[in-house]
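What follows is a set of notes on a single structure, which appears directly below.
Since this is a predicted model, take the numbers as computed values, not measurements.
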Amino acid sequence: MAERSTAAVDVADNSGDQSLTAQADQSTADGVAKNRERDTDSDEAQENTGTDGPGKTSPPELHSGHKLARRYRLEECVTRLDGFSSWRAVDEKLRRAVGVHTLPADHSRARSVLAAARSSALLGDPRFVQVLDAVEENDLVYVVHEWLPDATELTTLLAAGPLEVYDAYQMVSQVSSAMAAAHREGLAHLRLNPNAVLRTSTGQWRIRGLAVNAALRGVGSDTPQRTDTESIGALLYAALTQRWPYENDAYGMSGLPKDIGLIPPDQVRAGVHRGLSELAMRALVNEGATASRHESPCTTPEELVKAIGEMPRIRPPEPAFTTPPEYQRTTYQQGTYGRPAPHPGATQPTPVPPPPLQSRTGKALKWAVSALLIAALGLGSWQLADALMDQGGKADETNETQTTDGDDRSPKKPVSGKPIAIESARDFDPFGSDGSENPRDIDKVYDSVPGTYWQTSYYESADLGRLKPGVGVILDLGKTQQIGKVTVSFMGNTSVELRAASSDAGGQPTSFDAYTKVAEGTGDSVTLKPEKALESRYLLVWLTELPVQADDGKWRGRVVDVKVSS
């Protein structure tokens, strides 16, 4: 289900015809999304916008193995309907899976789809499923986008029940922030529904079909910001209640009862977070609905982001702790081995400690032991003082090795703190869209030149906008070496982890899981010392919390210098 849901761009929904939607579900080639529920009729009624019928065109002859632009090899048809088709494909140039959507160049909406895809590609925001290419070639228009096999639609998540409070909070926060950024660039979604919102395996929320879904359907709006804000309110309402906030059923969820109007989520379902319930009502302002309580409504994603920022932050749930089983004594405890087990109800005698030495012989023995201890202490003190005086007299002598009177003949430890040269460095962002994090000036992390630095991209908060767990720099030491400490200098107070690849790694690892955390710290100059002996060639300096920079007011990480020593 996850692979199909991330590959399609609501092609079946975009037909504007319920019977064609059913045909699309039956024509899927992956055998996964059979009888998938859609909401065409209810969605049309909610949006209340006109839709132009598709032109009468013959679909191009596409098949598995066909190549577009001598680069994108079509692998599997996900949906085929009235000239539209959606494919899982392979980008042979970059060796990665992609999704491809095609339609004839003379289709009535081909021009608008092409323009929308190109505008969306220019945004480059990782919170959206990225459009990688938009081309018109050989009487065919095709749009290439990211393929996210590990992502799951919000529709699928809600089929199992309402989201947890923290998950709903994260969803509305990330979606609102992303849409606010899109509207600042003049882009609207207008088709923001549970099919268009995805959650990846890392917990990040992604939005697909920005501008493209609306162009495929022929949807427009005189108030695009208000339309998208109401859609975000509907998403939050559904996430809290597992009910669609309109009378018609949609996206596998029941609508609200008829003739009662729009009621707050905390009146639909018990235990709903009150702050999130009010937030959903403030966003759902269409058809005369107003904000709950005395708060003003939110009519733009920017106002919604501000309202979320004014709420008390919702913390993630504490991990469940299982109480360990009660300790059970066995017959093999000290002092009981080999003894017969006591009979039930029998009273065990309490052992009586032996009496202290109270006789005349005992007192004499105690005095003798005390005298020997005092004599031993005195002799030891005299020998220690004599040894210290001998060492002071020989301090100026050279080429001599001081020894002790004991039996310790172990060799001296090697001198530590020797600098280790860094051969090269590269930026590392495994949770981003392209795995890169501002590669420019990466060599300045080890150039030892004062005033130079490498910086990350900017984010909306210290925790990288809650988009990813961190970003960093991979250091190549040229060969496997003994690591004693790594000193990192930053501009601003920064939280950082030191991670290392295993010493037997065949080459530079490219996945985050290949690096194990060995130390961490916070500050503008952090010394990271592994607790155990460490040998490695590849080190990862992983930034997890960024400072705000005074020059531009954005949260960025700036690495001034990195020193490695044995």
CG on L540 to CZ on F428, rounded to 0.5 Å: 6.0 Å
Between the side chains of N438 and S457, does any donor sit under 3.5 Å from an acceptor? no
Using the test salt bridge (charged side-chain N to carboxylate O under 4.0 Å, His left out), find all partners of E302 that sit at least two apart in sequence or belong to another chain. R184
Salt bridge check: are E531 and K529 linked by an N-O gap of less than 4.0 Å? no
Please examine the side chains of D429 and S436, heavy atoms only from C-beta on, and report whether any two atoms are closer than 4.5 Å. no
Before you tell me yes or no, could you show the steps for V559 and L543 under side chain to side chain contact (heavy atoms under 4.5 Å, CB included), namely the whole-Å CA-CA distance, both residues' side-chain angles and the distance that decides it to 0.1 Å? CA-CA 10 Å; V559 182; L543 282 59; 4.3 Å; yes
side-chain contact (heavy atoms from CB on, under 4.5 Å) involving A215 - partner list, sequence neighbours excluded: S112, V113, A116
Residues in salt bridge (charged side-chain N to carboxylate O under 4.0 Å, His left out) contact with D427, at least two apart in sequence or another chain: none
Quick test of your reading of the model: are K93 and D91 salt-bridged, counting only N-O distances below 4.0 Å? no
All heavy atoms of K468 vs all of V471, minimum pair found to be CD-CG1, 3.6 Å
Report yes if some heavy atom in the side chain of V143 is under 4.5 Å from a heavy atom in the side chain of D133; otherwise report no. no
Would you mind telling me which of I232, D228, V175 makes a side chain to side chain contact (heavy atoms under 4.5 Å, CB included) with L304? I232
For S231, what residues pass the side-chain contact (heavy atoms from CB on, under 4.5 Å) criterion, not counting sequence neighbours? L192
Which value, rounded to the nearest 0.5 Å, describes the distance between L498 atom CG and K517 atom NZ? 11.0 Å
Under the salt bridge (Lys or Arg N to Asp or Glu O under 4.0 Å) rule, what pairs show up with a residue in residues 439-455, not counting sequence neighbours? D441-K444
With a 4.0 Å cut-off on N to O distance, would you call R71 and E92 a salt bridge? no
Please tell me if the side chains of L158 and Y251 come closer than 4.5 Å, counting only heavy atoms from C-beta onward. no
Are P301 and S176 side-chain neighbours, meaning at least one heavy-atom pair lies under 4.5 Å? no
Can you list the residues that meet the salt bridge (charged side-chain N to carboxylate O under 4.0 Å, His left out) rule with D476, with sequence neighbours excluded? R537
Output all residues satisfying side-chain contact (heavy atoms from CB on, under 4.5 Å) with D167, sequence neighbours left out; order by chain, then residue number. L163, E164, R199
Can you name the residues that form a salt bridge (charged side-chain N to carboxylate O under 4.0 Å, His left out) with R558, not counting sequence neighbours? D551
Would you say that Y446 contacts V564 through its side chain, given a criterion of any heavy-atom pair below 4.5 Å between the two side chains? no
If you round to the nearest 0.5 Å, how far is CG of L190 from CD of Q225? 11.0 Å
Heavy-atom pair with the smallest gap, counting every atom of P126 and R206: O-NE, 2.7 Å
Minimum heavy-atom distance I420-S565, with the two atoms named: CD1-C, 3.9 Å
What are the two closest heavy atoms between T544 and L464, and how far apart are they? O-CD1, 3.5 Å
Evaluate S461 against D463 for side chain to side chain donor-acceptor pair (under 3.5 Å), listing each step before the verdict. CA-CA 6 Å; S461 60; D463 55 354; 2.5 Å; yes
For E230, is there an ion pair with R226 - N to carboxylate O distance below 4.0 angstrom? yes
How far apart are the closest heavy atoms of Y515 and A501, and which atoms are they? CD2-N, 3.6 Å
Nearest 0.5 angstrom please: E303 CD to C298 SG, how far? 6.0 Å
Under the ring-ring contact (aromatic ring centres under 6.0 Å, His included) definition, can you give me all pairs with a residue in residues 542-566, not counting sequence neighbours? F512-W542
Side chains of Q455 and M491: does their closest heavy-atom pair fall under 4.5 Å? no
Not counting sequence neighbours, which residues clear side-chain contact (heavy atoms from CB on, under 4.5 Å) with Q170? List them please. Y166, Q174, W205, R466
Which residue pairs pass the ring-ring contact (aromatic ring centres under 6.0 Å, His included) test when at least one of the two sits in residues 297-318, sequence neighbours left out? none
Just so I know, are the side chains of R499 and T516 near enough to count as touching, which here means a heavy-atom distance under 4.5 Å? no
What distance do F490 atom CZ and L546 atom CG have between them, rounded to the nearest 0.5 Å? 9.5 Å
Those residues that, when tested against S448, pass side chain to side chain donor-acceptor pair (under 3.5 Å) (two or more places apart): K563
With a 4.5 Å heavy-atom cut-off, do Y72 and V144 have their side chains touching? yes
What one should report as the nearest heavy-atom pair of A89 and V100 is CB-CG2, 3.8 Å
Run E278 and R282 through salt bridge (charged side-chain N to carboxylate O under 4.0 Å, His left out) and show every step you take. CA-CA 6 Å; E278 292 184 2; R282 293 179 66 182; over 6 Å; no
Rounded at 0.5 Å granularity, tell me how far OG1 in T229 sits from CG in L284. 10.5 Å
